[in-house]
S.K.: 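Sharing a structure here in C-alpha cells format.
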Amino acid sequence: MKMNGESPLKKVCIICAKGTIEDVYATLVMANGAVMDGIEAKVFFTFFGLDAITIKQMNKIKTSTVGNPAMRAPGGLPFPTILGMLPGVEAGVSVMMKSQMEKLDIPPVDEFLEMITAGGGEIYACKLAMDMFKLEKEDLWEEVKAVLTVGEFYAMCGGENTQIIFT
Amino acid sequence: MTQKTIAGTTVDLNDEGYMVDASQWNREIALELAKEEGMELTDKHFEVLEYLRKAHANDETLTIRKVGKSGITDIKGLYKLFPGGPLKFSSKIAGIPKPASCV
C-alpha cells in the first residue's frame, strides 16, 4: 500500500509473549493483515504466548477477568474484580468473547494461524521459553517453522522497511 | 474521483483506482484492470470475481476466510490467484469497493 509517497512497509516481525485472547489475537490480526497486504510477516511466540502454538492449548486460550479495569459487563455495566474471581467466570467470559469474534468472521487460533501461513507468513517458537516450560517440537502446532534463539530471530529481522512489533 | 475509459467503457474510479459503480463492470474491464496489476485472468479468477460481486451485491462483509469457504478455492489458492493482495486486488478487479475488513 502506498501512502503519501512514503516508501511502503515491507516486513513485520511480531513477538507475542502473552497467552490471553487479547494478546494472541492482536498478534494474529496484525500478522494476517500484513500478509493480506503483501507485507512479509514473521511471528515469534515466547513465554506464555507459546500457548497459542501448543496443540493442547491453542484453542483453549482465555481472557483474564481479574485485574482488568477495562473489563465491563454487557451494556457497559461495571464488572468488579471480585466477580471475576468466581469459578467459571473466566471461562464464561472467554466463550462470550470468542462467539463475538466468530460473528465478525475471526477464526479460532489454529485456523487463523493456517490463514497466515497460507499467505506465506512464518511462525516460530522461542527456544528458551520452550526449555522453561519443558515443551518439545512435537508439542507444537505442525506448521511452526522452527524453534529459534533470540539471535536467530533477530537475524531474520533485517532489511529496509522492516519493523519489530511487540504485542 | 476520476473518469477513465477502460476497454471502451467510461468508468468512475476513486483515488485508489477502485471502481465507484459496480454496475459499470464487465469482463473486458476486469481483464484490463488485471493487466494494470500485472496479472492474466483465468476462469478460476473469474469464478472468484463473480463470487465477490455477488457477495458485495448482498451487502456482505468480505473476508479471505469467507472466500476460502466458498468452495471455489481455499485461502492458499486465493493467495496464488491474487499474489500480494488476495482481497485487495481481487476486489479492485471485480469492480467493487476496497474491502473495509481487517481479516
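Every chain is numbered from 1, with letters handed out A, B, ... down the list of sequences. In this text the structure is predicted, and so the values were computed from the model without any measurement.
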S.K.: List the steps and the verdict of side-chain contact (heavy atoms from CB on, under 4.5 Å) for B/T63 and A/L104.
M.R.: CA-CA 9 Å; B/T63 62; A/L104 294 172; over 6 Å; no
S.K.: If you measure from OG on B/S101 to CE on A/M36, what distance do you get to the nearest 0.5 Å?
M.R.: 5.5 Å
S.K.: Heavy-atom distances under 4.5 Å only: say whether A/E111 touches chain B with side chain, backbone, both or neither.
M.R.: side chain
S.K.: Report whether B/Y18 and B/I96 are members of the same hydrophobic cluster (ILVMFWY, side-chain heavy atoms less than 4.5 Å apart, transitive linking).
M.R.: no
S.K.: Are B/T61 and A/D105 close enough, and set up right, to give a side-chain contact (heavy atoms from CB on, under 4.5 Å), and what steps lead you there?
M.R.: CA-CA 9 Å; B/T61 307; A/D105 218 20; over 6 Å; no
S.K.: Are B/L49 and B/L31 in one and the same hydrophobic cluster, where Ile, Leu, Val, Met, Phe, Trp and Tyr link if side-chain heavy atoms are under 4.5 Å apart?
M.R.: yes
S.K.: Less than 4.5 Å to any heavy atom of chain A: does that hold for the side chain of B/I75, its backbone, both, or neither?
M.R.: both
S.K.: Considering all heavy atoms of both residues, which atom of B/V103 and which atom of A/N32 are nearest to each other, and what is their separation?
M.R.: CA-ND2, 3.9 Å
S.K.: Take atom OH of A/Y154 as the centre, draw a 6.0 Å sphere, and report whether it contains more than 12 heavy atoms from other residues, nucleotides or ligands.
M.R.: no
S.K.: Any chance CZ of A/F79 has more than 12 other-residue heavy atoms, nucleotides or ligands included, within less than 6.0 Å?
M.R.: yes
S.K.: Please say whether more than 12 non-hydrogen atoms of neighbouring residues, nucleotides or ligands are located less than 6.0 Å from CG in A/L77.
M.R.: yes
S.K.: With a 4.5 angstrom heavy-atom cut-off, which part of A/I39 approaches chain B: side chain, backbone, both or neither?
M.R.: neither
S.K.: Is the shortest distance from a Lys or Arg side-chain nitrogen in A/E114 or B/R65 to a carboxylate oxygen in the other one below 4.0 Å?
M.R.: no
S.K.: Under a 4.5 Å side-chain heavy-atom rule over Ile, Leu, Val, Met, Phe, Trp and Tyr, are A/M30 and A/Y25 clustered together?
M.R.: yes
